[in-house]
Undergrad: 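Before anything else, here's the structure in question.
Position 1 is the first residue of the sequence; numbering continues from there.
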Amino acid sequence: MTIQDNLKEFAPYNIDFKINNEWFVVGVEFSKKWQIIVPQNNLIEHIEKLDRHYYCAPLSDVEVDEVFDCIRETISYNKDMERKIELFQEKINELQDLFSVLDYDELCTIEFKTKKKKKKNKSEIHKTEGDNDNMLKEEPILYDTLPIKEQEETNIEDFIDNNEQ
């Protein structure tokens, strides 16, 4: 995918893309309820500031596509969680309907069956401050992101601040 294709794909998330010195910065807006996937590459720094999420990385060491893949993974994970929550509520409603019409002995015969699929590995995620209390409780592996390394040449936070105006 080209950079332009990625920017079009993420346009609903108010994406911006900047290059300063030897760094690139990709900014997006996610729902405050969403959980943010932690970049697996430690060279990609994630900064949350004023309800925006910034992914910063050195141009010489990180491919831009790797940052776009991280953004895509966050979107995919959270959209999947939203679908699960919706389905969960539908199933609760179905059960409530059954409980209102069936007697106790019939209710005791209810069974839940699923088709087994190969289980996917869970991604490591970092919760945002606005986690949704109503979200299904998956047990993600949480860890703190590494502190942002101070750069003598470029201060990424200053770059973000100067370009937000």
Undergrad: Does any part of the side chain of Gln35, heavy atoms only, come nearer than 4.5 Å to the side chain of Tyr77, both counted from C-beta?
TA: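 They are in side-chain contact.
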Undergrad: Going by heavy atoms in the side chains, are His46 and Ile36 under 4.5 Å from each other?
TA: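 The answer is yes; the side chains approach within 4.5 Å.
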Undergrad: Kindly give the heavy-atom pair with the smallest separation between Ile37 and Tyr55, and that separation in Å.
TA: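 Scanning both residues completely, I find the closest heavy atoms to be O-OH, 4.5 Å.
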Undergrad: For Thr114 and Lys116, indicate whether the former's side chain and the latter's backbone hold a donor-acceptor pair under 3.5 Å.
TA: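 A pair under 3.5 Å: no.
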Undergrad: Would Glu45 and Trp23 count as having a side-chain donor-acceptor pair, cut-off 3.5 Å?
TA: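 Glu45 vs Trp23: no donor-acceptor pair found between side chains.
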Undergrad: Hey, are the side chains of Phe24 and Cys56 touching, using non-hydrogen atoms and a 4.5 Å cut-off?
TA: no
Undergrad: Each residue besides Phe99 in its hydrophobic cluster should be listed here, by chain and number; the cluster joins Ile, Leu, Val, Met, Phe, Trp and Tyr at side-chain heavy-atom distances under 4.5 Å.
TA: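 Noted: Phe99 shares its cluster with Leu95, Leu98, Val101, Leu102, Leu107, Ile110, Phe112.
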Undergrad: Do Phe17 and Asn6 have side-chain heavy atoms sitting under 4.5 Å apart?
TA: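 Sidechains of Asn6 and Phe17: no contact.
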Undergrad: Taking all atoms of both residues into account, what is the closest heavy-atom pair of Tyr54 and Lys49, and its distance?
TA: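 Heavy-atom minimum between the residues: CE1-O, 4.0 Å.
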Undergrad: Decide yes or no for Arg83 and Leu87: does some side-chain heavy atom of the first lie under 4.5 Å from some side-chain heavy atom of the second?
TA: no
Undergrad: Given side chains that start at C-beta, do those of Asn14 and Arg52 come closer than 4.5 Å, heavy atoms only?
TA: yes
Undergrad: Using a 6.0 Å cut-off, check whether atom CD of Glu90 has over 12 heavy atoms from anything other than its own residue.
TA: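 More than 12 within 6.0 Å, yes.
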Undergrad: Could you list the donor-acceptor pairs under 3.5 angstrom formed by side chains in residues 59-71, with sequence neighbours left out?
TA:
unit_1: Glu66; atom_1: OE1; unit_2: Asn41; atom_2: ND2; d: 3.4
unit_1: Glu66; atom_1: OE2; unit_2: Asn41; atom_2: ND2; d: 3.1
unit_1: Asp69; atom_1: OD1; unit_2: Arg72; atom_2: NH1; d: 2.9

Undergrad: Would you check if Ile75 and Phe30 make a side-chain contact, meaning some heavy-atom pair closer than 4.5 Å?
TA: yes
